[in-house]
Amino acid sequence: MTKEYNVAILGATGAVGRRMIQQLEQSTIPVKSLKLLASSRSAGTVLKFKGQDLTVEETTPDSFDGIDLVLSSAGGSVSKKFLPEAVKRGAVCVDNTSAFRMEPDVPLVVPEVNPEALKKHHGIIANPNCSTIQMVMALEPVRRKFGLKQIIVSTYQAASGAGQAAIEELKKEAQDYLDGKDMQEDAKILPTKGDKKHYPLAFNLLPQIDVLEDSGYSHEEWKMIHETKKIMLDDMNSDKIKVTATCVRVPVPIAHGESVYFTVEDKDATAQDIMDVIAKFPGDVLQDDIKHQIYPQPVNAEGSRDTFVGRIRPDYENPGAFNMWVVADNLLKGAAWNTVENAEYLDKMNLI
């Protein structure tokens with residue numbers, strides 16, 4: 001007899017939460033019932049799941065009574081408040097916030113990359129940062145075949161990484177610019193809500209994502225460095241792979257781009273070898289045909305669960321070093337789909 005689950009989505013009305021509902025509809029997870037949860041402000045909103053109208057409820061600890069599986073994307077403070085309550089009541093939670101990612105006893109999982117880590121869960125599984133997910137998706141087949149020594153990544157991250165409100169802000173600013181108005185008036189969110197100053201993103205680039213730390217790095221850059229090591233090496237501070245990052249917000253609504261420079265241990269590896277292993281890796285799509293100008297682009301990646309990789313070429317000055325360009329929908333593979341996919345794996349591995 002197939003096991004069925006009572007599922008709750010925490011943060012159901014947000015950009016990622018709404019996509020979680022869609023991804024859950026298309027998933028292999030046997031859903032017995034679905035409860036949609038959000039703040040009191042969003043309670044009463046009606047959303048559809050498999051053709052049925054579901055009314056969003058205000059989240060309380062008792063909301064998780066009888067729930068088997070929680071998919072969460074309501075912000076770190078909300079996750080910290082409610083997910084331990086859900087676990088107490090017997091639920092397994094997959095969280096798409098930064099709340100638990102660096103906790104040593106919480107698995108940080110991209111299912112294609114490190115599914116075995118799911119076995120170590122104590123009720124909570126963390127979804128990595130969107131920019132980290134697509135990078136490790138592109139690099140994991142390379143690491144397995146040729147070894148990885150160093151990663152230098154520069155990101156080109158879409159406005160949607162800061163939420164639906166950031167997309168609306170970008171649109172307003174773009175219209176202001178085209179109308180000859182001052183864009184600064186509409187800059188209320190970016191580069192990050194939690195900082196003192198805000199700058200327009202339209203027709204601009206912002207080399208700050210999340211807060212700037214005393215080290216000189218932004219917190220987004222810190223996350224990419226340490227999450228990559230935790231996922232690939234099960235040690236956020238490992239020196240076995242050296243990682244550094246520069247994270248930039250760009251005026252694109254959805255789908256992040258990344259320029260990834262990496263060094264492999266196998267000096268005999270060629271660009272074609274790199275292409276071959278990426279093309280065979282589940283969830284990766286190779287788009288690399290320079291004769292016909294085929295390469296990944298955000299406008300083409302939007303709405304897809306896949307990670308697109310192209311512009312793979314050697315650094316002729318440094319044997320064993322290569323460049324690549326990686327694009328993925330940050331709201332799907334970078335968030336909603338990776339969360340639901342983790343739940344699929346939990347079901348297949350009998351871990352719920």
Side-chain angles (χ1 to χ4, degrees), residues 101-102 104 107-117 128-157 207 209 213 215-248 256-288 295-296 307-328 333-334:
R101 287 175 187 158
M102 292 296 107
L108 184 66
V109 183
V110 179
E112 297 89 345
V113 176
N114 62 330
E116 293 302 306
N129 194 38
C130 47
S131 49
T132 306
I133 289 174
Q134 67 187 70
M135 185 176 77
V136 299
M137 279 291 296
L139 287 175
E140 178 61 11
V142 177
R143 185 187 74 84
R144 291 182 189 179
K145 182 73 174 178
F146 307 109
L148 266 180
K149 293 169 65 178
Q150 186 175 26
I151 303 165
I152 302 172
V153 58
S154 297
T155 72
Y156 302 68
Q157 294 180 229
I209 299 178
E213 300 178 340
S215 64
Y217 283 77
S218 70
H219 193 55
E220 183 85 355
E221 291 158 354
W222 184 94
K223 285 187 281 190
M224 285 199 76
I225 293 165
H226 295 285
E227 287 181 16
T228 299
K229 295 182 179 198
K230 183 173 179 180
I231 294 164
M232 288 184 161
L233 304 168
D234 198 26
D235 178 358
M236 64 175 279
N237 294 309
S238 174
D239 62 0
K240 290 181 180 175
I241 300 176
K242 298 186 185 305
V243 187
T244 192
T246 299
C247 294
V248 181
H256 294 344
E258 295 175 351
S259 173
V260 184
Y261 179 89
F262 60 98
T263 307
V264 298
E265 293 172 357
D266 184 352
K267 295 286 181 68
D268 293 327
T270 66
Q272 189 60 54
D273 293 334
I274 303 291
M275 290 183 198
D276 290 344
V277 295
I278 289 171
K280 293 172 185 173
F281 194 71
D284 283 351
V285 175
L286 182 69
Q287 291 184 330
D288 199 322
Y295 39 74
T307 300
F308 299 91
V309 189
R311 296 296 320 280
I312 298 168
R313 61 207 187 277
D315 175 357
Y316 291 110
E317 304 291 320
N318 292 290
F322 299 85
N323 293 279
M324 66 164 61
W325 173 245
V326 184
V327 173
K333 184 53 185 171

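Both backbone and side-chain heavy atoms feed into the values below; hydrogens, waters and symmetry mates do not.
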Open item on the list: Between Met135 and Val260, does the side chain to side chain contact (heavy atoms under 4.5 Å, CB included) criterion hold? Intermediate values first, please.
Closed with: CA-CA 8 Å; Met135 185 176 77; Val260 184; 4.2 Å; yes
Task: Asn237 side chain reached by His226 side chain, heavy atoms, under 4.5 Å - done: yes
TODO: Quick one: list whatever passes side chain to side chain contact (heavy atoms under 4.5 Å, CB included) with Lys223, sequence neighbours left out.
DONE: Arg101, Asn129, Asp210, His219, Glu220, Glu227
- [ ] Compare every heavy atom of Ser238 with every heavy atom of Leu233, then report the nearest pair and how far apart it is.
- [x] CD1-OG, 3.4 Å
Open item on the list: I want to check something: taking the side chain as every heavy atom from C-beta on, are Glu221 and Met224 in contact at a cut-off of under 4.5 Å?
Closed with: no
- [ ] Rounded to the nearest 0.5 Å, what's the gap from CD on Glu140 to OG1 on Thr307? Could you check?
- [x] 12.5 Å
Open item on the list: Could you report the tightest heavy-atom contact between Val109 and Ala117, atom names first, then the distance?
Closed with: CG2-CB, 4.0 Å
Open item on the list: Does atom CZ (Arg311) have a neighbourhood of more than 12 heavy atoms from anything else shown, all under 6.0 Å?
Closed with: no
Open item on the list: Keeping Thr246 on the side-chain end and Ser154 on the backbone end, is there a donor-acceptor pair under 3.5 Å?
Closed with: no
Task: Closest non-hydrogen atom pair between Asp268 and Asp266, with its separation - done: N-OD1, 2.9 Å
TODO: Decide yes or no on side chain to side chain contact (heavy atoms under 4.5 Å, CB included) for Leu108 and Met236, but give the supporting numbers first.
DONE: CA-CA 10 Å; Leu108 184 66; Met236 64 175 279; over 6 Å; no
TODO: Side-chain contact test, heavy atoms from C-beta onward, threshold under 4.5 Å: evaluate it for Leu286 versus Ile312 and give yes or no.
DONE: yes
Open item on the list: I need the minimum non-hydrogen distance between Pro296 and Gly310, along with the two atoms involved.
Closed with: CG-N, 3.6 Å
Task: Contacts of type salt bridge (charged side-chain N to carboxylate O under 4.0 Å, His left out), residue Glu112, not counting sequence neighbours - done: Lys333
Task: Test side chain to side chain contact (heavy atoms under 4.5 Å, CB included) applied to Phe262 and Ile152, Val243, Ile274, Ile241, the passing residue - done: Ile274
Task: Heavy-atom side-chain proximity of Tyr217 to Ile225 below 4.5 angstrom - done: yes
Task: Audit row: Val277, Phe146, side chain to side chain contact (heavy atoms under 4.5 Å, CB included) steps and yes/no - done: CA-CA 10 Å; Val277 295; Phe146 307 109; 4.0 Å; yes
TODO: Give the minimum heavy-atom separation between Ala138 and Val309, together with the two atoms involved.
DONE: CB-CG2, 3.8 Å
Task: Test item: Met137 and Phe281 side chains (from C-beta on) under 4.5 Å apart, heavy atoms - done: yes
Open item on the list: When you compare the side chain of Met232 with that of Leu139, does any pair of heavy atoms fall below 4.5 Å?
Closed with: yes
Open item on the list: Quick check: do Met324 and Ile278 have side-chain heavy atoms less than 4.5 Å from each other?
Closed with: yes
Task: Closest approach of Val110 to Pro128 (non-hydrogen atoms, all atoms of both residues) - done: CG2-CG, 3.7 Å
Task: Separation between CG of Asp234 and CG of Asn114, rounded to the nearest 0.5 Å - done: 8.0 Å
Open item on the list: Quick one, Ile151 and Thr228 - any side-chain contact, counting heavy atoms below 4.5 Å?
Closed with: yes
Task: Ile231 and Thr132: CA distance, side-chain angles, deciding distance, side chain to side chain contact (heavy atoms under 4.5 Å, CB included) verdict - done: CA-CA 9 Å; Ile231 294 164; Thr132 306; 3.9 Å; yes
Open item on the list: Check whether Glu258 reaches the backbone of Gln134 with its side chain - one donor and one acceptor, N or O, closer than 3.5 Å.
Closed with: no
TODO: Would you please classify the geometry between the Trp325 ring and the Tyr156 ring as parallel, tilted or perpendicular, with 30° and 60° separating the classes?
DONE: perpendicular
TODO: Hey, could you give me the CZ/CD distance between Arg143 and Glu265, rounded to the nearest 0.5 Å?
DONE: 9.5 Å
Open item on the list: Per the salt bridge (charged side-chain N to carboxylate O under 4.0 Å, His left out) rule, what does the pair list look like for residues 276-286, sequence neighbours excluded?
Closed with: none
Task: Distance (rounded to the nearest 0.5 Å) between Asp288 CG and Tyr295 OH - done: 11.5 Å
Open item on the list: If I take atom OG1 from residue Thr263 and atom CD from residue Gln150, how far apart are they, to the nearest 0.5 angstrom?
Closed with: 5.0 Å
